[in-house]
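Below is one structure, written out as structure tokens; comments come after it.
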Amino acid sequence: MQGKADKYLLKERLPHIWCPGCGNGIVLSAMVRAFDKLGCDQDSTVIVSGIGCSSRAAGYLDFNTLHTTHGRALAFATGIKLARPELMIFVLMGDGDSTAIGGNHLIHAARRNIDLNIIIFNNHIYGMTGGQCSPMTPQEHLATTAPYRNFDRPFDIAGLVQAAGATYVARSTTYHAALLTKLIKAGAEHKGFSVIEAISACPVSHGRRNKLGGGYEMLMWQKENAVPVEKARTMTPEEIKGKFIIGELHKSEAPEFTDMYGQLIEKAQREHGGE
Amino acid sequence: MKGNEAIGEGAVRAGCRYFFGYPITPQSELTHYLAKRLPEVGRLYMQAESEVASINMVYGASGAGARVMTSSSGPGISLMQEGLSYLAGAQLPCVVVNMMRGGPGLGNIAPSQADYFQATKGGGHGDYHLIVLAPNSVQELVDIMKKAFDLADRYRNPVMVMADGIMAQMMEPVELDDQYQIEIQPKPWAATGKVDHEGKNLINSCYVIPEEMESLNFILRDKYSEINKNEQVCEEYQLDGADIVLVAFGTASRICRAVVEKARAQGIPVGMIRPISLWPFPADFIGTAANRVKCFLSVEMNMGQMVEDVRLSVCGKAPVYHYGRFGGMVPTVRDVLEEVKKIYSGGAGQ
């Protein structure tokens, strides 16, 4: 890890600001390992992040990065990709960031199948602002804005983006860090809109209030409730109930947006003259 | 009580039935407070999916005749500007709290007064005004919520209450009335079914024909001039014999109060005017004061925004200076006092 860390992390920005037990550091290290396996070139890779605990990750990475507005990292990333289609772009967002205020941007970027690599740090809560409910907070959980317990149904991020048109969808956890690395790499190698949901833990703003234990206990919860996608195929819906599936959930081929736009330009120039 | 909680309790006692909001620091405790408190009294708290959703939910509830509010901080308030313009255009009452923070952009979560222009000069598109109130103590935060809801209903206009991260987090003793039965006047214009009025009510700000749009603009203009005439509020402090008058609101006015006391102790005749209504700006009071003082110093936690309104109010009768710290920095008593001394030795004392 040391060599990879030296290459891809800004050591002068460390230590990070995340709380003890937070899973975000594990997601960050999985990303660094994936960058190394991909042989990511720092001159042709851009990291874009939104607002929230997760989005601090961009600040620790030694790439050209954009730290953007809450929920709208994908719109910024779309702008970069259209201006410089040859760049590889990773977009880091939290669960509130991507599915609440950024929900509309998320489904439209997926619909376009633009070649962006999304990593959603899903810790089920707004951590930075003090533990408010997010669209990923489980039902019956407590949050600072759900003192009588949350009754809202959470999103299924994977199902949502797949239905919206994402062509690579995967999920892992901070316990399954090796799998997470593998999926981030596979998502990046996939041409099109790829979404990796990284289930992370927030012991301070989510775990403590709900008596889920500390960082270790929350990791164990991930271990015990995750079902590999291969195994899930052999299970009945009753057996899967209350658990979640990890692994490569969806992969398909579809025309990519910048490619399609390149073809549009060729067509327009062919049919209506050049300059 | 903490400032954020005081606003929440003030809103409950002002008869606020609905709150729609979205997480942002430094106003989070207000949402936590109302998430717990509103259901206790049979009312509703809802966390929306964004500030854009919040303000439009406010529009909906207000259009249905309810007392309703939202709160946020700079970046979230920026997202609400479209909704505020629509609320003003449809003449819908509501209360919006802005706990200002350092900017522009994402900025930081430290106290600031940099949203003065945005609040008082429009912010959203079109010809409109918000009524803007700026309390400077936790007690006043409680009291001003009642006033804000009353003004909103009386003038059918959105009201913004502006404070900052310091006031949001500050704890001070608060006196609450035991009795707080609110009598809310009927709203025959609201979309509540065809019970209280004849014909159908339409909540709308779309007037395709310019003549019709202009006639609404005339109505708004008359309303704003009525508000400007009736609702200018400010507090004066040690203005008697003052040569230099500090003008400051909110947190900056608390600092300036200490500056006035220290300066007076050193024989420098300083006073203060504290605008409580930022729109309408207390131009009449400041304009009159300008006849008998030597100069004004507008002390703000921004690069110089309210100073423009002070200049317009003073109308050339005396010099108007500005002192500010920005980006989440708070001026110290010593720094403002130094500035006062500099001005005093530079001519204001002669």
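Within every chain, numbering begins at 1; the chains are lettered A, B, ... in the order of the sequence lines, protein sequences first and strands thereafter. Scope of the values below: all heavy atoms of this structure, side chains included, with no hydrogens, waters or symmetry mates.
- The salt bridge (charged side-chain N to carboxylate O under 4.0 Å, His left out) check on B:Lys147 picks up nothing, with sequence neighbours excluded.
- The candidate with the highest count of non-hydrogen atom pairs below 4.5 Å against chain A, out of B:Leu106, B:Val52, B:Leu34, B:Ile109, is B:Leu106.
- The side chain to side chain contact (heavy atoms under 4.5 Å, CB included) search around A:Ala77 returns A:Val48, A:Ile89, A:Val91, A:Leu116, not counting sequence neighbours.
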Show the pairs of one donor and one acceptor atom, one from chain B and one from chain A, lying under 3.5 Å apart.
from    : atom 1 : to       : atom 2 : distance (Å)
B:Tyr22 : OH     : A:His70  : NE2    : 2.7
B:Tyr22 : OH     : A:Tyr126 : OH     : 2.7
B:Ser28 : OG     : A:Thr129 : O      : 3.0
B:Ser28 : OG     : A:Gln132 : NE2    : 3.4
B:His32 : NE2    : A:Gln132 : NE2    : 2.8
B:His32 : NE2    : A:Thr144 : OG1    : 3.0
B:Lys36 : O      : A:Tyr148 : OH     : 2.5
B:Gln47 : OE1    : A:Thr145 : OG1    : 2.9
B:Gln47 : NE2    : A:Cys133 : O      : 2.5
B:Glu49 : O      : A:Ile101 : N      : 2.9

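- Atom OH of B:Tyr59 sits in a crowded spot, with more than 12 heavy atoms from other residues, nucleotides or ligands closer than 6.0 Å.
- Checked against ring pair (Phe, Tyr, Trp, His ring centres under 6.0 Å), B:Phe149 has no partners two or more places apart in sequence or in another chain.
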